[in-house]
Amino acid sequence: AQGTVEGYSALSPAGARETIGRRSGDPGFVLLDVRTPKEFDAERIEGAVMIDYLSPSFRDEIAKLDRRKTYLVYCRTGHRTNGALKVMRELGFPNVFEFAGGITKWKAAGFPTAR
């Protein structure tokens, strides 16, 4: 997929939903929302945890995460996700997926969000 950080795969809304469903309850899988707390509180994909890409402590927060886990990263449309993936690549995270198009494409596909 175009624009994907080297070595990381991008998932479509259907692919993301399938992966989230399959890995639900798996402690080795993390759905990571990199939007702001305000956006996250308004609506999110069920089961997501948030680390704000725009926060000055973003890199430090990501650095604390377990590199053995698999991460599926999303934002609103994909721009912040791309930046987040670059940071995760630099910090040596091997198993990361990008949800291309973010929550905007998720909702456009008719998939539910949580509040």
Side-chain angles (χ1 to χ4, degrees):
Q2 155 189 22
T4 302
V5 174
E6 195 185 327
Y8 289 159
S9 302
L11 298 174
S12 65
R17 190 177 196 197
E18 196 270 329
T19 300
I20 292 163
R22 193 165 30 86
R23 303 289 300 264
S24 176
D26 177 348
F29 176 77
V30 180
L31 177 59
L32 182 61
D33 186 323
V34 296
R35 298 173 305 147
T36 64
K38 190 176 168 190
E39 288 172 297
F40 185 79
D41 289 341
E43 68 178 338
R44 60 187 171 271
I45 298 174
E46 184 81 54
V49 296
M50 186 213 56
I51 299 180
D52 182 1
Y53 179 68
L54 301 176
S55 159
S57 65
F58 178 76
R59 193 184 179 94
D60 294 340
E61 296 293 318
I62 293 291
K64 291 178 197 160
L65 298 175
D66 187 342
R67 282 159 184 73
R68 291 167 303 193
K69 294 186 178 182
T70 297
Y71 295 87
L72 175 52
V73 184
Y74 77 93
C75 62
R76 190 171 62 86
T77 58
H79 296 292
R80 284 172 279 182
T81 298
N82 229 3
L85 293 182
K86 288 191 173 96
V87 171
M88 294 178 89
R89 163 65 64 223
E90 286 164 16
L91 292 171
F93 285 83
N95 303 309
V96 182
F97 292 95
E98 166 193 3
F99 173 25
I103 201 166
T104 303
K105 285 273 194 296
W106 176 269
K107 291 190 324 194
F111 298 152
T113 55
R115 283 171 199 279

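As the structure is a prediction and not an experimental result, all values here were calculated from the model.
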A.B. asks: Shortest non-hydrogen contact from Thr81 to Glu98?
C.D. replies: CG2-CG, 3.7 Å
A.B. asks: Tell me, do Glu39 and Met50 make a side-chain contact under 4.5 Å, heavy atoms counted?
C.D. replies: no
A.B. asks: State whether the side chain of Thr104 and the backbone N or O of Arg76 hold a donor-acceptor pair below 3.5 Å, judged by distance alone.
C.D. replies: yes
A.B. asks: Mind checking the CG-CZ spacing from Leu91 to Arg59? Nearest 0.5 Å is all I need.
C.D. replies: 4.5 Å
A.B. asks: Please walk me through it: do Arg23 and Thr19 pass side chain to side chain contact (heavy atoms under 4.5 Å, CB included)?
C.D. replies: CA-CA 6 Å; Arg23 303 289 300 264; Thr19 300; 4.2 Å; yes
A.B. asks: If you apply the rule side chain to side chain contact (heavy atoms under 4.5 Å, CB included), what do you find for Thr70 with Val30, and how did you get there?
C.D. replies: CA-CA 6 Å; Thr70 297; Val30 180; over 6 Å; no
A.B. asks: Apply side chain to side chain contact (heavy atoms under 4.5 Å, CB included) to residues Phe93 and Ile62 and explain how you reach the verdict.
C.D. replies: CA-CA 10 Å; Phe93 285 83; Ile62 293 291; 3.7 Å; yes
A.B. asks: Tell me if a side-chain donor or acceptor on Ser57 pairs with a main-chain N or O of Asp60 at a distance below 3.5 Å.
C.D. replies: no
A.B. asks: Report yes if some heavy atom in the side chain of Phe58 is under 4.5 Å from a heavy atom in the side chain of Val87; otherwise report no.
C.D. replies: yes
A.B. asks: I'd like to know if Glu90 and Lys86 make a salt bridge, using a cut-off of under 4.0 Å between side-chain N and carboxylate O.
C.D. replies: no
A.B. asks: For Tyr53 and Thr36: C-alpha separation, side-chain torsions, deciding distance, then whether side chain to side chain contact (heavy atoms under 4.5 Å, CB included) applies.
C.D. replies: CA-CA 7 Å; Tyr53 179 68; Thr36 64; over 6 Å; no
A.B. asks: Taking the side chain as every heavy atom from C-beta outward, state whether Leu54 and Arg80 have any atom pair closer than 4.5 Å.
C.D. replies: yes
A.B. asks: Members other than Leu31 in its cluster, when Ile, Leu, Val, Met, Phe, Trp, Tyr link by side-chain heavy atoms under 4.5 Å?
C.D. replies: Leu11, Ile20, Phe29, Ile45, Leu72, Tyr74, Phe97, Phe99, Ile103, Trp106, Phe111
A.B. asks: Which value, rounded to the nearest 0.5 Å, describes the distance between Lys69 atom NZ and Leu32 atom CG?
C.D. replies: 11.5 Å
A.B. asks: I'd like to know whether CZ of Arg68 has more than 12 heavy-atom contacts from other residues, nucleotides or ligands below 6.0 angstrom.
C.D. replies: no
A.B. asks: Of all the heavy-atom pairs spanning Glu43 and Arg35, show the shortest one and how long it is.
C.D. replies: O-NH2, 2.6 Å
A.B. asks: Using side-chain heavy atoms (C-beta onward) and a distance below 4.5 Å, is Arg17 in contact with Pro112?
C.D. replies: yes
A.B. asks: How close do Ala114 and Glu46 get, counting heavy atoms only, and between which atoms?
C.D. replies: CB-OE1, 3.5 Å
A.B. asks: Among all residues two or more places apart in sequence or in another chain, which pass the ring pair (Phe, Tyr, Trp, His ring centres under 6.0 Å) test with Phe40?
C.D. replies: none
A.B. asks: With a 4.5 Å cut-off on side-chain heavy atoms, are Leu85 and Val73 touching?
C.D. replies: yes
A.B. asks: A side-chain contact here means heavy atoms from C-beta on lying under 4.5 Å apart; do Asp66 and Tyr71 qualify?
C.D. replies: yes
